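Computed from a predicted structure; not experimentally measured. FYI, side chains are in, hydrogens and waters are out, and symmetry mates aren't considered; it's all heavy atoms of this structure.
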Amino acid sequence: MVLQWHALGGTWTACDMPPALVHGIALIRAAGPNICIFGQGGRLRLQVGPHQYALSENSPRISCTRGIASFGFRRRFTVKSSSGDVLFSHSYWTHQGRDFYRWLAEKASDPDWRISCARQWSDGVASGAMRPH
């Protein structure tokens with residue numbers, strides 16, 4: 001689905017006609033805040049609900065860990081500030097499909113990916129190129 005992201009409130013509107021270029025990827029859930037990672041002005045930004053964070057080398061820290069008591073079937077996605085304050089945390093059961101949270105935690109830890117995506121996504125890329133593989 002292609003959507004128009006509304007950065008002020010962390011909301012979205014479905015596009016009737018997909019735009020030629022897109023600038024990021026979003027996770028839309030029925031419960032909890034929507035999450036979007038997008039390029040703006042040459043920087044990569046993470047938005048959780050109405051809260052935006054510029055992704056830099058050490059802040060915010062994004063992790064996705066397996067729960068020991070659940071034999072690894074439950075995960076916790078966490079976004080922490082550089083001082084260690086929890087900005088967002090979400091616990092969920094794993095499934096056999098794609099895992100947006102794990103994908104985001106892995107990619108956000110790679111400085112080359114952050115720099116490359118910040119530049120490409122700020123300029124905009126074809127919507128088909130944005131689908132995670």
Side-chain angles (χ1 to χ4, degrees):
M1 170 196 295
V2 179
L3 55 92
Q4 180 179 357
W5 184 255
H6 305 290
L8 287 177
T11 59
W12 59 279
T13 305
C15 291
D16 292 331
M17 295 294 295
L21 299 174
V22 295
H23 300 277
I25 296 174
L27 175 65
I28 308 302
R29 299 179 307 140
N34 299 320
I35 297 173
C36 185
I37 182 165
F38 60 96
Q40 183 180 50
R43 299 209 59 187
L44 208 52
R45 302 193 63 78
L46 172 67
Q47 184 164 358
V48 179
H51 307 287
Q52 283 192 31
Y53 312 100
L55 289 182
S56 60
E57 186 172 349
N58 296 313
S59 183
R61 292 186 200 121
I62 300 172
S63 64
C64 188
T65 56
R66 291 181 181 264
I68 296 170
S70 68
F71 303 104
F73 292 111
R74 193 151 175 83
R75 290 195 177 133
R76 176 160 300 280
F77 176 78
T78 308
V79 179
K80 291 184 179 180
S81 69
S82 57
S83 63
D85 295 330
V86 175
L87 304 172
F88 176 74
S89 182
H90 174 65
S91 183
Y92 64 101
W93 291 102
T94 60
H95 52 78
Q96 294 189 356
R98 293 183 176 135
D99 185 340
F100 177 84
Y101 296 110
R102 192 179 83 195
W103 172 84
L104 178 55
E106 289 172 359
K107 292 296 189 180
S109 68
D110 180 353
D112 293 333
W113 181 85
R114 285 192 314 269
I115 292 167
S116 172
C117 284
R119 184 175 48 252
Q120 290 174 11
W121 294 2
S122 289
D123 293 340
V125 296
S127 62
M130 295 298 284
R131 300 193 193 285
H133 302 285

Query raised in the report: Hey, mind stepping through Leu104 and Leu46 against side chain to side chain contact (heavy atoms under 4.5 Å, CB included) and telling me if it holds?
Result: CA-CA 10 Å; Leu104 178 55; Leu46 172 67; 4.0 Å; yes

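- Taken to the nearest 0.5 Å, the CG atom of Leu21 stands 12.0 Å off from the OG atom of Ser122.
- For Ser116, the side chain to side chain donor-acceptor pair (under 3.5 Å) partners two or more places apart in sequence, or in a different chain, are Gln120.
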Do any side-chain atoms of residues 30-45 form donor-acceptor pairs under 3.5 angstrom with protein atoms, and if so which ones, sequence neighbours left out?
unit_1	atom_1	unit_2	atom_2	d
Asn34	ND2	Gly10	O	3.2
Arg45	NE	Gln52	OE1	2.7
Arg45	NH2	Gln52	OE1	3.2

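- For Ser89, the side-chain contact (heavy atoms from CB on, under 4.5 Å) test picks out Arg76, Thr78, Val86, with sequence neighbours left out.
- The side chain to side chain donor-acceptor pair (under 3.5 Å) check on His90 picks up Arg29, with sequence neighbours excluded.
- Remark: Lys80 NZ to Phe88 CZ distance equals 14.0 Å, nearest 0.5 Å.
- When the ring pair (Phe, Tyr, Trp, His ring centres under 6.0 Å) test is applied to Phe77, the partners found at least two apart in sequence or on another chain are Tyr101.
- Ser59 OG to Leu87 CG: the interatomic distance, rounded to the nearest 0.5 Å, is 7.5 Å.
- Side-chain rings of Trp121 and Trp113 approach one another, their centers coming within less than 6.0 Å.
- The side chain to side chain donor-acceptor pair (under 3.5 Å) test applied to Ser82 returns no partner, not counting sequence neighbours.
- In terms of heavy atoms, Pro60 sits closest to Tyr53 at CG-CB, 3.9 Å.
- To the nearest 0.5 Å, atom CG of residue Asp99 and atom SG of residue Cys64 are 5.5 Å apart.
- Side chains of Ile62 and Leu55 form a contact here, defined as non-hydrogen atoms less than 4.5 Å apart.
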Requested in this report: For side chain to side chain contact (heavy atoms under 4.5 Å, CB included), just list the numbers for Leu27 and Trp103, CA-CA rounded to whole Å, side-chain angles, deciding distance to a tenth of an Å, and then say yes or no.
Outcome: CA-CA 12 Å; Leu27 175 65; Trp103 172 84; over 6 Å; no

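- Judged as a salt bridge (charged side-chain N to carboxylate O under 4.0 Å, His left out), the pairs with a partner in residues 101-124 (not counting sequence neighbours) are, in order, Arg102-Glu106.
- The side chain to side chain donor-acceptor pair (under 3.5 Å) test applied to Ser81 returns Ser83, not counting sequence neighbours.
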**Report entry** Thr65 and Arg75: CA distance, side-chain angles, deciding distance, side-chain hydrogen bond (donor to acceptor under 3.5 Å, both in side chains) verdict
**Finding:** CA-CA 5 Å; Thr65 56; Arg75 290 195 177 133; over 6 Å; no

